Amino acid sequence: MIRGIKGIKDIIPDEMPKWSVVERMAHALAHAFGFHEIRIPVFERTDLFVHSIGGSTDIVEKEMYTFPDKDGTSLTLRPEGTAGVVRAFIERGLKTYEASRKLYYIGPMFRHERPQAGRLRQFHQFGVEYVGTSDPSADVEVVTLLWRYFSALQLPGLSLELNSLGVLADRQAYKKDLVSFLKTKSDLLCGNCRRRLDVNPLRALDCKVPTCHEATNDAPFLTDFLSASSKEHFDRVLQGLQALAISYSLNPRLVRGLDYYSMTTFEVSCSALGAQNAIGGGGRYDGLFETLGGVPTPAVGFAIGLERVILALPESALPAPDPWVFVAAFGEKGRAAGNTLIDSLRSNHMKADTDYHASTLKTLLRSADRLNAPYVVIIGDDEVANNHVILRNMATKEQQIHPLDTASSAISERLGFRKHVET
RNA sequence: GUGGGUGUAGCUCAGUUGGUUAGAGCGCCGGAUUGUGGAUCCGGAGGUCGCGGGUUCAAUUCCCGUCACUCACCCCA
């Protein structure tokens with residue numbers, strides 16, 4: 001037997017109702033906020049990710065699925081979506097299209113990590129990118145969409161944290177100060193943090209090793225190093241969120257794992273999730289376009305892990321299943337009439353199905369019961385002889401007779417009408 | 001990459017201090033007066049006990065290895 005790949009899951013039909021809800025809500029809210037869908041390739045040149053995400057990040061250092069093309073070009077399965085969107089934006093000249101200011105995507109991402117609860121090697125993200133404005137209102141809008149999306153799906157135990165990384169000059173001044181501080185505490189730091197003291201000292205701030213946490217207790221805050229304009233930008237973002245009654249907390253330790261972030265960063269965690277509790281996050285990346293060879297263009301976006309959303313999704317977020325009829329047709333004439341009726345119901349956009357394995361009324365009803373059919377149409381030789389069918393409500397056991405020639409439209413109308421009333 | 005846990009029926013799991021035909025619940029199939037489902041009762045199908053090797057008269061059970069799944073570290077969504 002040939003097995004699937006570790007950390008790469010099939011999404012089986014049983015799980016699809018949740019996926020449908022989660023994806024439909026993403027499309028619906030993204031559209032409501034004026035974002036337009038973009039579909040970008042699942043693999044790109046490796047350089048794209050190295051230059052955007054950053055060579056010293058974990059993603060690039062050890063988590064990418066990289067392989068040579070036939071001509072030797074190094075290609076990589078996308079570990080995230082922003083790099084590809086920005087590449088497409090620059091390469092295709094999307095700047096000239098009004099719709100391209102606000103983009104969103106849904107699709108699979110790939111990272112070679114050890115799988116665990118809420119972490120897979122192929123996982124799916126819903127992300128948005130608001131391109132071309134540095135107005136703090138854009139930051140607010142993106143965070144608002146993120147928050148409204150989770151609220152609409154009724155996810156429990158959410159908390160939103162924000163931080164500002166400032167502009168590059170702010171961070172450089174801060175890094176200098178932080179490194180000299182950390183060096184005084186280096187005996188407390190874990191090996192990992194000590195190693196990246198020079199390349200990525202900010203990471204020590206959100207290291208979970210207790211001694212590191214202790215060591216960084218009195219560390220200087222990046223917030224204190226923000227320039228006046230950075231600070232003003234961040235304040236306006238926070239005011240915007242307050243005005244919309246979106247509650248958040250400030251986390252000066254919030255450091256994101258991708259190098260391209262600047263200014264506003266944010267993350268939503270979900271207490272219903274377990275160890276991998278980051279369900280969505282993002283921030284501003286004003287320098288990325290330039291890094292990738294485009295004209296300097298400010299932008300802000302987020303990415304949401306859909307598997308994690310599904311793990312936290314309550315049953316109440318699922319819509320009631322559509323009404324449908326199971327056609328219980330038996331006997332020679334009954335089955336023939338049943339097949340015609342099924343086709344006619346389907347032509348009326350009424351979901352109709354049967355079970356050819358069952359041949360008696362008893363087994364047909366049992367099958368209908370197992371399939372959770374709310375209604376069953378009974379049609380045997382007797383019904384055909386009498387020119388009618390029986391419509392049975394499985395929950396109430398109530399049965400009514402419909403003339404055979406108008407049964408399809410009568411049933412479609414009746415159950416279709418119910419559908420509109422219920423939803 | 002590192003650590004822990006677990007691999008026995010379709011699913012959830014017992015069990016064998018090494019010993020003949022390996023169990024339960026759920027599910028599935030059939031039946032319990034002929035054309036009315038779920039409940040109950042009766043019957044039935046279904047397992048190389050993850051894989052490989054070792055010890056032994058004998059291994060599903062003990063030992064070693066290996067693979068898979070899983071949780072956690074790390075990191076992120």
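Worth saying up front: this structure is predicted, and the values here are computed from it rather than measured. Heavy-atom basis, side chains included; hydrogens, waters and symmetry copies ignored.
Annotation: B/A24 and B/C64 have their P atoms spaced 33 Å apart (nearest Å). On the P atoms, B/U40 is 8 Å away from B/G27, given to the nearest whole Å. Atom P of B/U21 sits at a distance of 13 Å from the matching atom of B/A59, rounded to the whole Å. Comparing B/G18 with B/U61, their C1' atoms sit 6 Å apart, to the nearest whole Å. For the P atoms, the distance from B/U48 to B/G23 is 15 Å, rounded to whole Å.
A straight line from CG of A/D369 to P of B/C29 spans 12 Å, rounded to a whole angstrom. In this structure, A/L364 places its CG atom 13 Å from P of B/C29, rounding to the nearest Å. The separation between A/E161 atom CD and B/C76 atom C1' is 14 Å, rounded to whole Å. Between the P atom of B/G1 and the CZ atom of A/R121 lies a distance of 8 Å, rounded to the nearest Å.
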Measure all distances between protein nitrogen or oxygen atoms and nitrogen or oxygen atoms of nucleotides 9-12 of chain B, and list the pairs falling under 3.5 Å.
none

Kindly give the atom pairs (protein nitrogen or oxygen, nucleotide nitrogen or oxygen) under 3.5 Å for nucleotides 66-70 of chain B.
{"unit_1": "B/A68", "atom_1": "O2'", "unit_2": "A/R3", "atom_2": "NH2", "d": "3.3"}
{"unit_1": "B/C69", "atom_1": "OP2", "unit_2": "A/K6", "atom_2": "NZ", "d": "3.1"}
{"unit_1": "B/U70", "atom_1": "OP1", "unit_2": "A/K9", "atom_2": "NZ", "d": "3.3"}

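Here B/C73 is the nucleotide among B/C28, B/C73, B/U36 with the atom lying nearest to any side-chain atom of A/R119. Between B/G35, B/C28, B/G37, one nucleotide has an atom nearer to the side chain of A/D382 than all others, and that is B/G35. With B/A77, B/C29, B/C76 as the choices, the nucleotide that has an atom nearest any side-chain atom of A/N277 turns out to be B/C76.
Among residues two or more places apart in sequence or in another chain, the ring-ring contact (aromatic ring centres under 6.0 Å, His included) test is passed with A/F266 by none. Shown here are the side chain to side chain donor-acceptor pair (under 3.5 Å) partners of A/Y248, two or more places apart in sequence or in another chain: A/Q242. Residues passing the side chain to side chain contact (heavy atoms under 4.5 Å, CB included) test with A/D353 are A/W324, A/R346, sequence neighbours excluded. Residues passing the ring-ring contact (aromatic ring centres under 6.0 Å, His included) test with A/H388, sequence neighbours excluded: none. Applying the side chain to side chain contact (heavy atoms under 4.5 Å, CB included) test to A/P403 and every residue at least two apart in sequence or in another chain returns A/D405, A/T406. Scored by the ring-ring contact (aromatic ring centres under 6.0 Å, His included) test, A/F89 finds A/F289 as partners (sequence neighbours excluded). Take A/E141 and apply the side chain to side chain donor-acceptor pair (under 3.5 Å) test, not counting sequence neighbours, and it matches A/K102. Taking A/S269 as the reference, A/S159, A/N277 meet the side chain to side chain contact (heavy atoms under 4.5 Å, CB included) condition, with sequence neighbours excluded.
A/S412 and A/S409 form no side-chain donor-acceptor contact under 3.5 Å, judged by distance and modelled atom types alone. Side-chain atoms of A/T265 and A/N163 form no donor-acceptor pair, as typed in the model, at a separation below 3.5 Å.
Between the side chain of A/R308 and the base of B/C76 there is at least one donor-acceptor pair of N/O atoms closer than 3.5 Å. Taking only distance into account, the side chain of A/E383 meets the base of B/G35 through a donor-acceptor pair shorter than 3.5 Å. Donor-acceptor pairing under 3.5 Å, judged by distance alone, is present between the side chain of A/R111 and the base of B/A77.
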Under 3.5 Å, which donor-acceptor pairs do the side chains of residues 127-134 of chain A form with other protein atoms, sequence neighbours left out?
{"unit_1": "A/E129", "atom_1": "OE1", "unit_2": "A/Y285", "atom_2": "OH", "d": "2.4"}
{"unit_1": "A/E129", "atom_1": "OE2", "unit_2": "A/T82", "atom_2": "OG1", "d": "2.8"}
{"unit_1": "A/T133", "atom_1": "OG1", "unit_2": "A/D135", "atom_2": "N", "d": "3.0"}

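Residue A/R392 has no polar side-chain atom (N or O) positioned under 4.0 Å from OP1 or OP2 of B/G35. Between B/G37 and A/K362, a contact under 4.0 Å exists linking OP1 or OP2 to a side-chain N or O.
By the 5.5 Å and 30° criteria, A/F330 is not stacked with the base of B/G35.
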Subject >> Intra- and interstrand pairs of RNA chain B - dot-bracket, Watson-Crick/G-U under 3.5 Å, | marks other strand >> reply: (((((((..((((.....[...)))).(((((.......))))).....(((((..]....))))))))))))....

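If you find the closest nucleotide of RNA chain B to A/A278 and to A/L273, the one lying nearer the 5' end belongs to A/L273.
The aromatic rings of A/F43 and A/F67 lie tilted to each other, with the angle between the two planes from 30° to 60°.
Checked against a 6.0 Å centroid threshold, the rings of A/Y149 and A/F126 count as neighbours.
Within 4.0 Å (heavy atoms only), A/E63 reaches sugar-phosphate atoms of the nucleic acid but no base atom.
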